[in-house]
Amino acid sequence: MLFEEAASFYEKLEGVSSRLEMIDILTEMFKKSTKDDIKETIYMTQGILAPPFYGIEIGMAEKMVAQAIEVSYGYSKKEVESNFKKTGDLGNTAEYFSCRSRMKRMSHAKFTLKEVFMQMQKIANTSGAGSQDAKVRMLSQLFAASTQLEARYIARFAIGALRLGAGDATILEALSKAYTGTREYKSELENAYNICSDLGSVGYVLLSEGKKGIENFKVSLFSPIRPALAERVATSEEILEKMHGICAVESKYDGFRAQVHMDRKHKRVEIFSRRLENTTKMFPELCEAALKEVDAEEAIFEGEAIVYNQVSDEFLPFQETIQRKRKHGIEEKSRELPLTIFSFDIMYLDGKDLLNKPYIERRKMLENIIGKNGTISISDMAVVDSAKKLDMYFNDAISRGLEGVVAKDLNSSYVAGARKFSWIKLKRSYKGELSDTLDLVIVGYYLGKGQRTNFKFGGLLCATYNDSKDVFETVTRIGTGFSEKQMKVFEDLLNRIKGKKNARVVSVVEPDFWVEPKYVVTVKADEITRSPMHTCGAEGEGTGYALRFPRLVSDGIRDDKSAEDATTSKEVISMYKMQKKGKMSDKL
Ligand code: AMP
């Protein structure tokens with residue numbers, strides 16, 4: 001596909017107001033792709049050079065992109081800067097100067113999408129002395145030969161802000177439609193995606209091997225699997241009911257999720273976060289321990305990493321554990337706060353894909369390769385056949401300072417990438433006085449009023465994620481409780497991503513500014529109420545769910561969660577039902 005064609009699809013995408021229109025445009029675009037460029041087409045649409053676990057980011061500094069605009073079109077730094085101040089968008093600035101170029105125009109070479117993508121890759125891979133100049137030069141080559149519309153998207157892509165707003169589910173539906181004529185094949189494609197976490201690879205296999213390739217997708221080492229997620233209910237009785245009278249129950253550790261891939265022969269270990277970022281470098285002691293302690297040649301297993309004192313059997317709070325997620329001072333912190341992984345599942349062992357094996361068989365395999373008292377330990381587990389026994393297990397976990405338990409269906413496969421009743425969590429907050437929180441996506445913001453007018457920020461419009469429709473539904477406005485520091489942080493962050501309302505945001509209220517649904521915050525509230533002002537869970541009848549007295553509890557953005565990891569609308573409805581039944585305290 002020519003990049004010119006891609007750019008005109010992008011322009012159309014910018015103008016849509018519904019997800020269905022978005023799917024239609026993406027479908028037309030994917031129809032123009034072949035197996036030789038589908039990967040690049042998908043990545044470009046996502047605004048990335050590779051899936052996050054490769055850790056390759058383009059993200060050029062705005063200053064460098066501005067420099068490339070100066071060089072390509074013959075303008076001064078001051079002229080470009082002043083235009084950028086006006087537009088607030090380097091894409092529009094590039095477009096502006098492109099059609100007013102003072103340089104002798106190179107004949108437009110009509111490059112393909114793949115060529116642009118490869119040049120961007122080259123830019124990202126250039127490092128070392130003199131690399132800044134080299135990057136600017138490479139980008140100018142693209143600008144100098146591009147049309148004005150192409151220049152718009154090249155600039156946005158280069159700073160990592162293409163922001164076409166298409167989520168994973170939307171891309172999968174469009175791929176299905178482009179290849180089969182209907183959106184129905186999406187679930188098979190999603191299955192493949194859950195196994196490899198790489199939309200580009202799914203597209204490539206579909207176009208090169210067809211449906212057969214998709215249906216034969218297998219787990220492979222060092223390609224992270226999208227994590228299984230837990231549902232929630234209010235009581236042990238409900239869990240037993242859902243699990244047909246018998247289930248496994250494990251302690252719920254409050255650390256961070258770690259998916260460990262290990263290959264003994266090549267002494268290679270990699271650790272992926274819940275968001276599937278490659279976090280290997282942060283945890284040297286865990287990598288070392290995996291090779292020393294895990295009795296397998298090759299394995300992919302999963303657990304919760306937490307700071308734990310074996311001698312006192314003490315679990316440190318999440319605020320301590322999270323300090324281990326850092327880029328600097330790693331060795332020192334690893335001595336100060338050494339982690340233990342409590343392993344709770346295994347997805348691959350010595351050449352065998354275990355995703356479709358029942359939980360209880362996977363557990364046995366896990367017990368065979370992981371012991372009890374190491375840096376890599378196994379999670380506590382018991383099989384229970386009554387609510388009373390489950391309650392006893394739960395109370396014991398709480399008394400040990402844990403946050404609750406996770407019940408698991410003995411016969412269930414590993415349900416990658418989905419929240420299903422094969423795992424059900426039961427936390428303190430659903431049973432007693434303590435409050436539970438919601439992780440919400442910021443979709444808009446308000447300007448400051450009164451004494452806050454010196455800030456260009458006065459509150460947030462937040463949404464839940466509706467995972468069946470792949471849209472964001474508003475659930476609350478948060479206008480109080482921000483510190484001055486927080487206001488400044490939000491002002492800066494949100495100002496950078498404001499723009500048109502994203503087609504995947506469903507709202508009846510209008511904030512002062514819409515932002516790209518990207519950042520997640522943790523919020524506490526007193527109660528969930530029904531409200532016509534919000535679209536969360538509204539369905540046909542029009543009345544949604546909203547939060548009473550919402551306030552922020554995360555210090556800032558939850559950078560371990562993506563927009564699609566936010567609390568779902570379904571979860572809010574089930575929390576509302578729990579609250580109504582009186583099984584949950586009336587405080588959330
Ligand atoms: P939540 O983040 O509240 O939805 O709870 C699910 C998370 O609990 C998972 O993503 C894991 O990171 C964590 N977790 C802790 N212990 C376990 C366990 N034994 N089994 C499964 N997940 C666990």
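Order of listing sets the numbers, starting from 1, for every ligand and every atom in it.
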Worksheet item: In terms of ring plane angle, is the pair Trp423 and Tyr414 parallel, tilted or perpendicular, where the classes change at 30° and 60°?
Response: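 Ring orientation of Trp423 relative to Tyr414: perpendicular.
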
Practice prompt. Describe, in one word, how the ring planes of Phe457 and Phe490 are oriented to each other, choosing from parallel (under 30°), tilted (30 to 60°) and perpendicular (over 60°).
Written response: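 Geometry flag for Phe490 against Phe457: parallel rings.
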
Item to complete: Show which atoms of ligand 1 fall inside a sub-4.0 Å distance from at least one heavy-atom site of Lys427.
Response: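 Counting atoms of ligand 1 from 1, those under 4.0 Å from Lys427 are 3 (O).
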
Worksheet item: For ligand 1, which atoms, with element, lie under 4.0 Å from some heavy atom of Arg274?
Response: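 Answer for ligand 1: 2 (O), 10 (O).
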
Once you restrict to heavy atoms under 4.0 Å, what part of [X] touches ligand 1? Side chain, backbone, both or neither.
X: Pro227; result: neither
X: Phe344; result: side chain
X: Trp423; result: side chain

Worksheet entry | Distance-only polar pair, side chains of Glu314 and Tyr308, donor-acceptor under 3.5 Å |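 No.
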
Worksheet item: Does Arg232 reach ligand 1, in the sense of a heavy atom lying below 4.0 Å from it?
Response: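 Contact absent.
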
Worksheet item: Should Phe256 be listed as contacting ligand 1, given a heavy-atom distance under 4.0 Å as the test?
Response: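 Judged by the 4.0 Å heavy-atom criterion, Phe256 does not count as contacting ligand 1.
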
Worksheet item: Does NZ belonging to Lys325 count more than 12 external heavy atoms closer than 6.0 Å?
Response: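 It does: Lys325 NZ has more than 12 such atoms within range.
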
Worksheet item: Residues in salt bridge (charged side-chain N to carboxylate O under 4.0 Å, His left out) with Arg504, at least two apart?
Response: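 With neighbours one apart ignored, the set is Asp470, Glu564.
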
Item to complete: Answer yes when Lys242 and Glu238 have at least one side-chain N-carboxylate O distance shorter than 4.0 Å, and no when they do not.
Response: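 No, this pair does not count.
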
Practice prompt. Run the salt-bridge test on Asp263 and Arg268 with the 4.0 Å N-O cut-off and return the result as yes or no.
Written response: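 Between Arg268 and Asp263 there is no salt bridge, as every charged N stays at least 4.0 Å from the carboxylate O atoms.
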
Practice prompt. Would you mind finding which of Glu250, Lys408, Glu304 brings a heavy atom closest to atom 21 (C) of ligand 1?
Written response: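 Among Glu250, Lys408, Glu304, the closest heavy atom to atom 21 (C) of ligand 1 belongs to Lys408.
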
Discussion item. If you measure every N or O of Arg257 against every N or O of ligand 1, does any of those distances drop under 3.5 Å?
Written reply: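 Yes, Arg257 has an N/O under 3.5 Å of an N/O on ligand 1.
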
